[in-house]
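Please read the structure below before turning to the comments.
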There are 2 protein chains.
Amino acid sequence: MMISKRLSELRKKRQWSLQYIADQLNIAKSTYAGYESGYRQPSLEAVKELATLFGTTTDYLLGATDEEQPSIELTRPTVRLTVDGEAVTEDEIIQLIAFIRAKRDIENKK
Amino acid sequence: MMISKRLSELRKKRQWSLQYIADQLNIAKSTYAGYESGYRQPSLEAVKELATLFGTTTDYLLGATDEEQPSIELTRPTVRLTVDGEAVTEDEIIQLIAFIRAKRDIENKK
DNA sequence: GTGAATGTACGCGAATCGCGAACGAATGTA
DNA sequence: TACATTCGTTCGCGATTCGCGTACATTCAC
């Protein structure tokens, strides 16, 4: 079960106890322990709350993605980018990439 | 139930039948119908498959976000950007934002 | 030693699941 | 018009899974 693996990893990384998480979600320690062991599956609501608690996404918890923090590669634009709520155009992204590459080039020559 | 609302919206927008979705997920029509009516909750696995089928995210289906397509606001420093696999620094992002804003300013004055 | 905290496992009653079946309404076909 | 098909909705059923309390071994602090 992917979610049990992810929960276990995230919790240990933060050095949180089972009890702490159970308290945050208002569920029994044994209930949350079941999530990590794979003995139980959290409700959809619990999944949402866990994602918030861990500061990650439900997609990551469920294994729909492997990126704990959403991260985007500009040269392969799979998501919509916005600045001040307004979409960044494709042309602008191309310019941004050129800008970053040029900047790195200069840095590397030092 | 947020997910039932979202599923219903997405399916109708695509003009798909209950049966079609049920076939895609290999579940009974009544089972999927239960998801939309709120009478049943899909399993975590089903949520993942539904997100794939609809081309959206589990976060959207569960109501953890309101954006159907993942979209990233650059001015929020929660995102990790990469170019050619290498992380874009926070300073660089600030410069990018300034660049975009300046560009828009010029456009607007035309 | 003693107490508290941690992680693990189990049994129980209650809740929920997925399914097939049945239904009326709408649509298609001859 | 008659008839069949598709659609969305709802129900009961058996089986599964849930969340909880509880118990236990281990570890740590005092």
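Just so you know, these numbers come straight off a predicted model, no measurement behind them. Here is how names work: the chains are called A, B, and so on, in the same order as the sequence lines, proteins then strands, and each is numbered from 1.
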Next on the checklist: With a 4.0 Å cutoff (strictly under), does any side-chain N or O of R40(B) reach OP1 or OP2 of dC19(C)?
Outcome noted: no

Checklist entry - Is the CD atom of E107(A) crowded by more than 12 outside heavy atoms at less than 6.0 Å? => result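 Atom CD in E107(A) is crowded, with more than 12 foreign heavy atoms closer than 6.0 Å.
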
Grab the [atom1]-[atom2] distance between [X] and [N] for me, whole Å please.
X	N	atom1	atom2	value
L18(A)	dT8(C)	CG	P	7 Å
I21(B)	dC7(D)	CD1	P	12 Å
Q19(A)	dT27(D)	CD	P	20 Å
R14(A)	dT6(C)	CZ	C1'	19 Å
E45(B)	dT16(D)	CD	P	19 Å
W16(B)	dT6(D)	CH2	C1'	19 Å
Q15(B)	dC7(D)	CD	P	12 Å
L7(A)	dG7(C)	CG	P	14 Å

Checklist entry - Taking atom types as modelled and ignoring hydrogens, do the side chains of D23(A) and Q19(A) form a donor-acceptor contact shorter than 3.5 angstrom? => result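 Yes - a donor-acceptor pair under 3.5 Å links their side chains.
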
Checklist entry - For residues T52(B) and K48(B), is any side-chain donor paired with an opposing acceptor at under 3.5 Å? => result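 No - no donor-acceptor pair under 3.5 Å links their side chains.
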
Next on the checklist: Does Q41(B) form a side-chain contact (heavy atoms from CB on, under 4.5 Å) with M1(B)? I'd like the steps, not just the answer.
Outcome noted: CA-CA 9 Å; Q41(B) 289 221 321; M1(B) 210 103 60; 3.1 Å; yes

Item to check | For dA30(C), the Watson-Crick or wobble counterpart (both distances under 3.5 Å) | outcome: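 When the pairing criteria are applied, dT1(D) turns out to be the nucleotide that pairs with dA30(C).
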
Item to check | Members of residues 29-39 of chain B that approach DNA chain C, where some heavy atom sits under 4.0 Å away | outcome: S30(B), T31(B), Y35(B), Y39(B)

Next on the checklist: Could you measure the distance from the CH2 atom of W16(B) to the CG atom of L53(B)? Nearest 0.5 Å is fine.
Outcome noted: 4.5 Å

Item to check | CA sep, side-chain torsions, deciding dist, call: L61(A), L10(A), side-chain contact (heavy atoms from CB on, under 4.5 Å) | outcome: CA-CA 10 Å; L61(A) 290 184; L10(A) 290 170; 3.7 Å; yes

Checklist entry - F99(B) pairs by side-chain contact (heavy atoms from CB on, under 4.5 Å) with which of K103(B), R101(B), Q95(B)? => result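 Among the candidates, only K103(B) passes.
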
Checklist entry - Within the structure shown, what part of the strands sits under 4.0 Å from I27(B) by heavy-atom distance: base, sugar-phosphate, or nothing? => result sugar-phosphate

